[in-house]
Structure formats: structure tokens, C-alpha cells
Amino acid sequence: MNLIPLHKQRGLTLIELIVALVVGVTAIAGIYQMFIVQSRAYVVQDQVIEVQQNIRSAMEILVRDIRMAGFDYDNSTSSVKIEDFKPGAPYLVSGNSITVWYEIYRPGPPLVSEVHEVRYALNNTDLERRLNINGVTQLNEVLLENVVDFELTCGIDGRIGFENTQDGIVDQWVNCATVNNNQDKVIAVRVALTTRPAQNDAQDDRFQNISPRTLNSTIALRNLSIKKL
């Protein structure tokens, strides 16, 4: 067996050990920083996806209600009429709010004949949906939170009471806040809905650089396009 003298045995010097530690710490710090960046990106992307899903869901419900404006089941078995609750045009537009009236009819059994009054309005940053059935409030809910803008543009087709001005085609698009509900016949509505992720912590800057998400829809009031008012 060959023995190596102690003075010829090699090991790590203090400088080599320090260098190794610095390299190791630097590598670990880099990996940790990459983890933090990826984690932040994941959280932000998850919030963006949630916002997009929420705005789509809210728009689907809103489109369904507005599209039904003016539907009235003309049958002797229908026990209610829209005129019983809303004389004149079955809609009301005012600034950043819109209310529509329509009938829900199911022959059953049991037979269902209800006039639904649905109002959408922006309350601070909440888009609210209020539902009245046969004149009685049934539901008042926040449909979408963190709304930046809720813009309504109305398509006008002539004047109410002047059938010769109505041809079922939009003559002009105007801000719904300028519509005369007793004079202008609205047959379509453009909705622009803008929202952004919630930022509950003012010190959290992860969502500051995320641009708001906007969804646009043009809704034809199909029951009114063919009906003279």
C-alpha cells in the first residue's frame, strides 16, 4: 500500500471554498428569481383568463335579455300583456342604463305567462341586473364587478307614431343618453363592456400594467324591427 505524505495531500483551500459557495448561492438566487417571475406571470395570466370568462358570461346574459325586448305572446291563453306594465315602447334607455320588457310564455303544464322587466345599470364599478316579474322585484344582483366602462349606443329607425319613417333598418347610431324614449324608435343596441382584474392590495403592482379587457356586441331588437310603433 502506497502512503501519500501529508504535505503532498491536496484538498480545498479556503479561497476555493468561498468561490464555490458564491457560485452556488448565485445559481440558487437565479433559480429563485426565475421561480418568482414565473409565479407572478401565472397569477396575472390566471386573473386575465378569469376576467375574460366573466365578461363573456355577463355579455351572454345581457344579450339574451335585450334581444327579447318587446316579445309578447299574442294568444288568448296569455294572461298578461306588456302594455299592462309598460305603455309605449318596451324599452327605456338612459345614460349607462337600459331596461327592457318582454313576456315569458310556456304552455305547461303549468302554464306560465309572465312579463319580465330587466334593468341593467352601472353602479360605481358594478354592473347590476334587476329583474321584476309581473311588476314585483324578484332579483337584484351584481352581474359583473370591476367594470371600467359600460357604454350603450342605440340604433334609431324613424319616429314612434310615424310608421312611414320605419323600415326596419337603422337610420343612425346615437349615444343612448340622447335618445328620446317617447319619440325615437330603437331597433338595435351596441354594448361596449370594459372590465379589469381586481386589485385588492394597493401595494400589489402585478396588475397595474394589464390593459382593461373590452367586449363589444351589437344586439338587434328583433321583435321591434318588424313591428311598427
Supply the members, apart from Ile169, of the Ile/Leu/Val/Met/Phe/Trp/Tyr cluster built from side-chain contacts under 4.5 Å; use none for a lone residue. none
Please confirm whether the backbone N or O of Gly158 pairs with a side-chain atom of Asp171, one donor and one acceptor, at under 3.5 Å? yes
Consider only side-chain heavy atoms of I, L, V, M, F, W and Y, link residues closer than 4.5 Å, and tell whether Ile61 and Ile219 are in one cluster. yes
List, by chain and number, the other hydrophobic cluster members for Trp101, where Ile, Leu, Val, Met, Phe, Trp and Tyr join if side-chain heavy atoms come within less than 4.5 Å, directly or indirectly. Val80, Ile82, Phe85, Leu92, Val115
Donor-acceptor contact below 3.5 Å, side chain Ser113 vs main chain Ser79: yes
Validation row: Phe71, Leu221 side chains within 4.5 angstrom (heavy atoms): no
Quick check: Tyr105 with Tyr73 (ring centres under 6.0 Å apart)? yes
Could you verify whether a donor N or O on one side chain and an acceptor N or O on the other, from Asn96 and Tyr120, lie under 3.5 Å apart? no
Any donor-acceptor pair under 3.5 Å linking the side chain of Asp184 with the backbone of Asn181? no
Can you list the residues that meet the side-chain hydrogen bond (donor to acceptor under 3.5 Å, both in side chains) rule with Tyr91, with sequence neighbours excluded? none
Within-4.5 Å side-chain heavy-atom neighbours: Ile156 and Val170: no
Per the disulfide bond (SG atoms under 2.5 Å apart) rule, what does the pair list look like for residues 63-105, sequence neighbours excluded? none
Would a 4.5 Å heavy-atom cut-off, applied to side chains only, mark Asp126 and Leu144 as touching? no
For the residue pair Arg129 and Val118, establish whether any side-chain heavy-atom pair is separated by less than 4.5 Å. yes
Might you point out which heavy atoms bring Ala192 and Asn216 nearest each other, and give the distance in Å? CB-OD1, 3.2 Å
Okay, side chain of Asp157, backbone of Asp167: is any donor-acceptor separation there less than 3.5 Å? yes
Tell me if a side-chain donor or acceptor on Thr195 pairs with a main-chain N or O of Asn146 at a distance below 3.5 Å. yes
Heavy atoms, side chains only, cut-off 4.5 Å: are Val186 and Leu224 in contact? no
Would a distance-only check, ignoring hydrogens and angles, find a side-chain to backbone donor-acceptor pair under 3.5 Å from Asn175 to Ala177? yes
Any side-chain heavy atom of Glu151 sitting closer than 4.5 Å to one from Val191? no
Gly161 to Gln166 - nearest heavy-atom pair and separation: N-NE2, 4.1 Å
Does Val148 reach the side chain of Thr125, with side-chain heavy atoms less than 4.5 Å apart? no
Do any pairs count as a side chain to side chain donor-acceptor pair (under 3.5 Å) and have a residue in residues 220-229, sequence neighbours left out, and if so which ones? none
In terms of heavy-atom contacts, Ala89 and Ile160 come closest through CB-CD1, 4.1 Å
With no hydrogens and no angle check, is any side-chain donor or acceptor of Glu103 less than 3.5 Å from a backbone partner on His116? no
Considering all heavy atoms of both residues, which atom of Glu128 and which atom of Asn123 are nearest to each other, and what is their separation? OE2-ND2, 3.1 Å
What one should report as the nearest heavy-atom pair of Ala220 and Arg67 is O-CG, 3.9 Å
Sequence neighbours excluded, which residues qualify as side-chain contact (heavy atoms from CB on, under 4.5 Å) partners of Arg130? Glu117, Arg119, Asn132, Thr137, Asn140
